[in-house]
Amino acid sequence: MSTQLTDKIRQLKAERNAVILAHNYQSGEVQDIADFTGDSLALSVKAAQTDADVIVFCGVKFMAETAAILSPAKTVLLPDKHAGCPLADMMTAEQLRELKRKHPGAAVVCYVNSSAEVKAESDYCCTSANAVEVVESLPRDKEIIFVPDQHLGRFVVEKTGRELILWPGYCVTHAAITEDDIKNARAAHPDAVVMAHPECTEPVKTISDQILSTGQMLKFAKRSEAKRFIVATETGIIHTLKKENPGKEFFAASRRAVCPNMKRITLEKVLWSLEDMHYKITVPKEIRTKAKNALDKMVAILPAK
Ligand code: SF4
């Protein structure tokens, strides 16, 4: 990492009174320059609690939108305007409205990996860590639409024993991890514990040992007696796992599990973002108010994990 580059970022960050957030799936050098690393909701909550004027979100667009929803008075910057999320893009607000028309009376639970417009059409938000609890908190006889990730949705169905109306969205990066990848990784590291993200496909989850969100993976790896882990999620998290657990080993389940959108963010782009104050992410007030309501209702059920 160029010290000159990181020095410039730090200097400009101080001048702008900015806070830099990096999602767990960012490259190691971007994570290392950040004030906070973590999952998208936890980062947005942390940034809202700071007195920074500017938030630089090293992640994808829906994450910067979530930060803008929770911090309307701060300027939120996404260092690459093309850093989107194919999963979030798999459902539009109009498609959700259509689904609601087909199921009047159903409650809508939407995964945070969704656009601000989809959140605004939803009753509750959830994360991959608390999706099960959010659904369980709703009355047993309530019909529930769960969007946009079908694999997280199926995981919730399995855990709660409830029927959900699912949307066929999926994360292309997690879908790239196959059952054979897990079998091959197990053959190479027979004593390793397999941790899989709920966005993975069902065959992958069925043969994994632990189904965990990124935040839960970090906690689990720390307290586990195991020394070796196979990680079935975006490979960026291995940087933090290694840093936090120097005596343990972590192996990517698949080298294909790299999100090209997450990796659009580079140190140079973080610097340019602070220099030129781009790309500003804003959410119109009406959408922001409704989306915040869905996020607040999740937090009222249980604190974000
Ligand atoms: S890893 Fe998947 S869900 Fe996350 S930003 Fe990339 S495509 Fe979207």
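For reference, positions follow the sequence shown, starting with 1. One-based numbering, in listed order, for ligands and for the atoms of each.
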Going by the order shown, which atoms of ligand 1 are within less than 4.0 Å of some heavy atom of [X]?
X	answer
Pro86	7 (S)
Asn113	3 (S)
Glu199	3 (S)

Find the distance between CZ (Phe229) and CG (Asp209) and round it off to the nearest 0.5 Å.
->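 One finds 10.5 Å between CZ of Phe229 and CG of Asp209.
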Identify, for [atom], the protein heavy atom at the shortest distance, and state residue, atom and that distance.
atom	result
atom 2 (Fe) of ligand 1	Cys171 SG, 2.3 Å
atom 8 (Fe) of ligand 1	Cys85 SG, 2.3 Å
atom 6 (Fe) of ligand 1	Cys259 SG, 2.4 Å

Please indicate whether Tyr170 has more than 12 foreign heavy atoms, meaning atoms of other residues, nucleotides or ligands, lying under 6.0 Å from its OH.
->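 Open: at most 12 neighbouring heavy atoms sit under 6.0 Å from OH of Tyr170.
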When you look at NZ of Lys8, are more than 12 heavy atoms from neighbouring residues, nucleotides or ligands closer to it than 6.0 Å?
->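 No, NZ of Lys8 has 12 or fewer neighbouring heavy atoms, counting only those of other groups under 6.0 Å.
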Presence of salt bridge, Arg154 and Glu158, under 4.0 angstrom |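 Answer for the salt bridge query: no.
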Got a salt bridge between Glu94 and Arg101, using NZ or NE/NH1/NH2 to carboxylate O under 4.0 Å?
->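 Answer for the salt bridge query: yes.
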